[in-house]
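Below is one structure, written out as structure tokens; the observations come after it.
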Amino acid sequence: MNITASMTLKLIPESLRSQPVFLCIDDTMVPKFGKKFDNVSLLFDHAAHSGSNYLNGHCFVSLMLCVPVWRKQRIVYLAVPLGYRMWNKELSKLRLAASMIRQVMPVFLSQKNVIVLCDSWYAKKDLVCVVDEYADLDIICNARYDSVIYDLAPQPTGKKGRPAKHGNRLSPDNDFTLSDEKVGEYYIGARRVLTNLFGQREVYAYVTASEKMKGSRRLFFSTIFPHQLQIFCAWQEKAPLNQTRSNRMEFIPMLCYCFRWNIEVSYYEQKTFWSLCSYMVRSQKGIEMLVNLINVAYCAMKILPYQEEEFSKYRGESVQEFRFALSMQIRQQIFYANLLRNIETGIKSSAYIKVLQRLVKQYCGCFNKL
């Protein structure tokens with residue numbers, strides 16, 4: 001994980017060194033029909049499409065790194081999954097994710113802003129406590145809508161007694177003023193708050209709604225404030241981040257949350273095209289080694305077009321397209337190597353020479369006609 005993270009950070013151009021990098025945390029289910037695998041169990045899958053929300057299989061917690069790179073004079077975030085760890089009920093998924101973040105953080109000593117992105121399931125104290133351990137680490141997370149949030153503590157009045165630790169309790173429905181127009185696909189409201197999740201640390205709370213006066217709302221927290229986040233919005237490839245005007249600057253942390261979707265795309269690609277679910281090894285150690293070996297191959301295909309200029313045309317292509325092109329070149333090399341190895345005698349070589357001469361004459365004749 002650390003080596004992959006280090007190689008990925010080296011892809012950031014010098015002009016983008018001040019830009020934030022993102023660590024995405026999530027877990028994914030792998031169904032298995034057998035019951036003799038280590039740690040196989042009945043798992044609840046909220047995204048299942050098989051008619052039942054329960055499946056027999058494994059749960060893997062994974063960590064993904066997103067770094068800024070140039071592509072056609074635009075900034076895109078290259079998403080590279082760093083590794084997988086199997087959940088085995090001895091350690092909660094929250095603590096497992098926190099340990100993975102602690103493992104890779106020494107690689108980011110030179111980075112100004114490292115931001116963890118996670119959904120509401122991981123927005124709990126066992127994970128968010130990691131943010132307080134590193135000066136350059138922050139988190140932007142979706143949160144439960146019923147999370148307790150308070151207004152900032154009022155100024156001391158000078159009267160006797162202990163000053164209030166926080167203000168009145170706030171409601172996401174009534175105490176957030178939504179933007180006059182949609183930012184991307186949502187109306188967004190923002191304000192500084194205190195919440196039990198982060199103790200006495202002030203955080204930015206965001207409320208999003210697809211309809212301004214009705215419909216469901218979602219709640220997000222950000223430990224990094226807009227003025228602390230240096231990001232080149234105008235050069236971003238995709239909206240709405242590249243459409244941020246001065247009146248939308250306070251929404252930048254909320255807009256950065258969209259980079260978390262990259263980890264879902266990675267799950268889909270690895271499961272569909274990279275045989276991530278096809279392992280037949282039974283031990284936990286063997287399964288983790290095989291799954292992470294597949295992930296290393298996947299990462300190599302993501303990184304190589306940015307490392308080697310001769311593959312630069314594949315930077316905008318899917319990982320599968322580049323893998324197919326590379327495999328075709330390898331097959332040709334193997335074919336030519338076997339061809340040369342089999343030309344052992346003068347009789348065989350003379351036959352090959354005659355065939356090549358005939359082909360040359362044929363192509364020359366076609367060229368003269370043109």
Side-chain angles (χ1 to χ4, degrees), residues 20 22 25 46 94 113 115-132 137-159 161-229 231 233 239-241 243-261:
F22 299 94
I25 282 285
H46 64 89
L94 294 167
N113 292 128
I115 301 174
V116 176
L117 305 177
C118 62
D119 60 16
S120 58
W121 200 95
Y122 284 90
K124 298 179 179 65
K125 287 188 176 180
D126 283 344
L127 177 65
V128 301
C129 65
V130 181
V131 176
D132 297 324
L137 185 63
D138 286 283
I139 187 170
I140 302 173
C141 60
N142 187 203
R144 287 174 57 101
Y145 193 67
D146 58 356
S147 298
V148 178
I149 53 178
Y150 301 98
D151 199 359
L152 301 183
Q155 294 295 325
T157 60
K159 297 180 180 180
R162 188 180 66 179
K165 291 185 177 180
H166 54 73
N168 297 326
R169 183 168 176 175
L170 301 176
S171 167
D173 291 318
N174 304 319
D175 296 315
F176 283 79
T177 303
L178 299 180
S179 56
D180 295 330
E181 57 183 8
K182 282 189 175 183
V183 182
E185 299 179 0
Y186 301 96
Y187 296 98
I188 303 178
R191 65 184 298 173
R192 291 193 181 197
V193 301
L194 295 173
T195 174
N196 294 338
L197 183 62
F198 295 97
Q200 293 302 306
R201 178 171 181 168
E202 291 185 18
V203 299
Y204 244 82
Y206 293 93
V207 170
T208 64
S210 57
E211 299 293 336
K212 193 168 185 177
M213 303 304 297
K214 59 181 181 179
S216 60
R217 297 188 175 192
R218 300 177 68 192
L219 178 64
F220 297 83
F221 292 131
S222 172
T223 61
I224 188 168
F225 295 163
H227 69 272
Q228 298 173 323
L229 190 60
I231 183 167
C233 295
L241 198 55
Q243 299 173 353
T244 305
R245 301 187 296 270
S246 58
N247 61 337
R248 297 183 178 183
M249 295 305 290
E250 66 174 342
F251 303 140
I252 289 179
M254 181 66 247
L255 301 180
C256 289
Y257 183 78
C258 65
F259 293 122
R260 197 201 71 84
W261 184 251

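Just the heavy atoms: all of them, side chains too, but no hydrogens, waters or symmetry mates, feed the values below.
H166 and Y150 have parallel rings, their planes meeting at less than 30° on a 0 to 90° scale where 60° marks the start of perpendicular.
Side chain of S120 to backbone of R144: no donor-acceptor contact under 3.5 angstrom is found. Looking only at distances, a side-chain donor or acceptor of K124 sits under 3.5 Å from a matching main-chain atom of W121. Side-chain N or O atoms of Y206 include none that pairs as donor or acceptor with a backbone N or O of R191 at under 3.5 Å. The closest donor-acceptor contact from the side chain of N142 to the backbone of L219 lies under 3.5 Å. Side-chain atoms of R248 do not come within 3.5 Å of backbone N or O of V183 as any donor-acceptor pair.
Using a 4.5 Å heavy-atom threshold, the side chains of P240 and F251 count as separate. The shortest distance between side-chain heavy atoms of Y204 and P253 does not fall below 4.5 Å.
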Determine whether L197 and S147 satisfy the following criterion, side-chain contact (heavy atoms from CB on, under 4.5 Å), listing intermediate values before the conclusion. CA-CA 8 Å; L197 183 62; S147 298; over 6 Å; no

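The two atoms that bring Y186 and T208 nearest to each other are CB-CB, 4.1 Å, heavy atoms only. Here the shortest heavy-atom pairing between D138 and V131 reads CA-CG1, 3.9 Å. For H227 against R192, the heavy-atom pair with the smallest separation is CE1-NH2, 3.7 Å.
At most 12 non-hydrogen atoms from other residues, nucleotides or ligands lie less than 6.0 angstrom from CG of D180.
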